[in-house]
Amino acid sequence: MKITLLGTGDAVGTPKIGCSCPTCLDAIAGGRSRRLRFSILIEANGGNVLIDSSPDLRWQFLKKGIKHIDGLIWTHAHYDHYAGFGDFHRVQNGVNVYGVKSTLDYILNYLYFLKPVRHDVNFFEPFSIIGLEITLFEVTHPPLKSRQVY
Ligand SMILES: [Zn+2]
Ligand SMILES: [Zn+2]
């Protein structure tokens with residue numbers, strides 16, 4: 001199994017629009033401060049599982065040569081964790097998406113037109129994607145109760 005952190009940056013990205021702090025200026029100048037937003041790729045058993053679909057997903061996939069995923073797990077319904085799902089439009093249909101009911105309800109109310117295959121899962125109840133056993137558990141992430149992957 002190989003786990004790749006495609007992005008671990010802040011919700012607004014670095015550089016932040018309109019910011020002139022030293023970190024953002026370094027990122028704008030092409031320095032080492034530039035960070036993409038949150039997505040993790042798990043490669044195992046000949047398949048790919050994505051954890052969260054950041055607004056930077058298109059660039060993350062192009063950079064790593066990712067062409068297909070077998071499952072997408074959404075940890076929670078904050079913009080920076082799901083908005084890149086729209087980048088699957090005309091790239092991959094029928095994406096298998098996983099999350100707890102409240103997360104899927106919120107995200108798919110917006111992105112329903114991509115016709116994902118919805119898989120509702122529950123906290124602390126293991127489920128399987130490409131042979132990997134995955135369990136979601138709750139963590140405190142105000143104002144939401146977030147869903148993390150184990
Ligand atoms: Zn800044
Ligand atoms: Zn969040």
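Order of listing sets the numbers, starting from 1, for every ligand and every atom in it. Any value given below was found using the heavy atoms of this structure, including those in side chains, with hydrogens, waters and symmetry copies removed.
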**Request:** Report the C-alpha separation of Phe127 and Tyr98 in whole Å, then their side-chain angles, then the decisive distance to 0.1 Å, and conclude whether the side chain to side chain contact (heavy atoms under 4.5 Å, CB included) test is met.
**Result:** CA-CA 10 Å; Phe127 59 97; Tyr98 300 77; 3.6 Å; yes
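- Counting just the N/O/S atoms of His141, the one with the shortest distance to the Zn ion (ligand 2) is named NE2.
- No other N/O/S atom of His76 lies as close to the Zn ion (ligand 2) as NE2 does.
- Around atom CZ of Arg118, more than 12 heavy atoms belonging to other residues, nucleotides or ligands sit under 6.0 Å away.
- In His78, the N, O or S atom that comes nearest to the Zn ion (ligand 2) is ND1.
- Between SG of Cys24 and SG of Cys19, the angle at the Zn ion (ligand 1) works out to 110°, rounded to 10 degrees.
- Atom CD of Gln92 sits about 9.5 Å away from atom CG of Leu72, to the nearest 0.5 Å.
- Residues Thr4 and Glu43 meet the side-chain proximity criterion, which asks for heavy atoms closer than 4.5 Å.
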